[in-house]
K.L.:
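Okay, here's the structure, questions in a sec.
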2 protein chains.
Amino acid sequence: MKLPTICPKFEKAISLLSQRWTALIIYQLLMGPQRFNEIQTSIGISGKVLSDRLKDLESQDIIKREVIPETPVIIEYSLTEKGQSMESILKEIENWSQAWIKPDSKLLED
Amino acid sequence: MKLPTICPKFEKAISLLSQRWTALIIYQLLMGPQRFNEIQTSIGISGKVLSDRLKDLESQDIIKREVIPETPVIIEYSLTEKGQSMESILKEIENWSQAWIKPDSKLLED
DNA sequence: AAACTTACTTACATAAAGTAACTTACTTAA
DNA sequence: TTAAGTAAGTTACTTTATGTAAGTAAGTTT
């Protein structure tokens, strides 16, 4: 019986990025602070899951939630320094995808 | 009504990495070819899901499955060139995790 | 022959995600 | 000044994904 022996920090990072939608949310926020509905429509996530993820990411200090007291109130999500620092990861993924993912044929080639 | 407008290649890469276990499997295989049970015990994944993932990754040409006709037969999984090329992504994640993830307190600090 | 190993698969249970409708507070159009 | 709309969620319910444990087939070791 052997126990998994991967660095716990690495594992934590992986489990963060392996959660559906997290990477995409961070990616969106790299373009600047955004509101709930903007994020939702731009990545096509359900309100429920977005709400979960935002709480989760906030608790991990990756994003911050700001209440801007305009009327009506505006709630703005943005990256913290820690969140910003993930840009390098997202860029690597982007580069890799451009180099290696082939555009998906719509299965229409007859 | 606005449609999500993220680059499909990037999205595909993200959805690949957002699948639980995929990143960890690739990470393991970066250390060299491995057999089913080795992967399973090293990352602590269930046989069922590992089996699913390996098929999936094989179909995406990220890993290859080789039957080595020893007796008994050995089945070895290894990265393809495409799979190997993901090393940069995994390394970025590793670096980031070292810099930004704090070791998780075991909740034991009294 | 009985027990063990490898590489899986199957059946069933639980957790995560999706869908759609609802809420509360404020706003604009009729 | 009521009716409908927007923003930021939440709730209830369904579907999908993952986990757990046991089973299988081929070969091995005792």
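All chains are named by letter (A, B, ...) in the order of the sequence lines, taking the proteins before the strands, and each is independently numbered beginning at 1. Not measured: the values here are computed from a predicted model.
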K.L.:
In whole Å, what is the span from the CG atom of A/D56 to the C1' atom of C/dA17?
P.N.:
14 Å
K.L.:
Hey, is the side chain of B/Y77 poking within less than 4.0 Å of OP1 or OP2 on C/dC8, counting only N and O atoms?
P.N.:
yes
K.L.:
Does any donor-acceptor pair link the side chain of A/K48 with the base of D/dG9 at a separation under 3.5 Å?
P.N.:
no
K.L.:
Is there a side-chain contact between A/R20 and the phosphate of D/dA17, meaning an N or O under 4.0 Å from OP1 or OP2?
P.N.:
no
K.L.:
Between A/S18 and B/F36, name the one whose nearest nucleotide on DNA chain C is closer to the 5' end.
P.N.:
B/F36
K.L.:
Compare side-chain N and O positions of A/S51 against OP1 and OP2 of D/dG9 and report whether any pair is under 4.0 Å apart.
P.N.:
no
K.L.:
Would you kindly compare A/W21 and A/V73 by the position of their nearest DNA chain C nucleotide and give the one closer to the 5′ end?
P.N.:
A/W21
K.L.:
Between atom CD1 in B/I74 and atom C1' in D/dG27, what is the gap in whole Å?
P.N.:
13 Å
K.L.:
Rounded to the nearest angstrom, tell me the gap between atom CD in B/Q40 and atom P in C/dT5.
P.N.:
13 Å
K.L.:
It should be established whether A/R35 places a side-chain nitrogen or oxygen under 4.0 Å from OP1 or OP2 of nucleotide D/dA7.
P.N.:
no
K.L.:
Which atoms form the tightest heavy-atom contact between A/L50 and A/F36, and what is the distance?
P.N.:
CD2-O, 3.5 Å
K.L.:
Find the distance A/L54:CG to D/dA7:P and express it as a whole number of Å.
P.N.:
16 Å
K.L.:
Among the candidates C/dT9, C/dC8, C/dT6, find the nucleotide nearest to the side-chain atoms of B/K55.
P.N.:
C/dT9
K.L.:
Taking atom types as modelled and ignoring hydrogens, do the side chains of A/S18 and B/W21 form a donor-acceptor contact shorter than 3.5 angstrom?
P.N.:
no
K.L.:
Taking the minimum atom-to-atom distance to the side chain of A/N37, which one of C/dA17, D/dA8, D/dG9 wins?
P.N.:
D/dA8
K.L.:
When the distance from CD of A/E38 to C1' of D/dA7 is rounded to whole Å, what number comes out?
P.N.:
11 Å
K.L.:
Is a side-chain donor or acceptor of B/Q28 paired with a backbone partner of B/S42 at a separation under 3.5 angstrom?
P.N.:
no
K.L.:
In whole Å, what is the span from the CD atom of B/Q19 to the P atom of D/dA17?
P.N.:
8 Å
K.L.:
Hey, does the side chain of A/R65 come within less than 4.0 Å of D/dA8's phosphate (OP1/OP2), counting only N and O?
P.N.:
no
K.L.:
Salt-bridge test for A/E94 and A/K91: reply yes if a basic N is under 4.0 Å from a carboxylate O, no otherwise.
P.N.:
yes
K.L.:
Kindly point out which of C/dA7, D/dT18, D/dT10 is positioned nearest to the side chain of B/I75?
P.N.:
C/dA7
K.L.:
Using heavy atoms to find the nearest nucleotide of DNA chain D for B/S46 and B/P72 separately, return the residue whose nucleotide is more 5′.
P.N.:
B/S46
K.L.:
Is it true that a side-chain atom of A/R65 and a backbone atom of A/K55 form a donor plus acceptor pair closer than 3.5 Å?
P.N.:
no
K.L.:
In whole Å, what is the span from the CD1 atom of A/I43 to the P atom of C/dG18?
P.N.:
10 Å
K.L.:
Could you check how far CD1 of B/I68 sits from P of C/dT6, rounded to whole Å?
P.N.:
15 Å
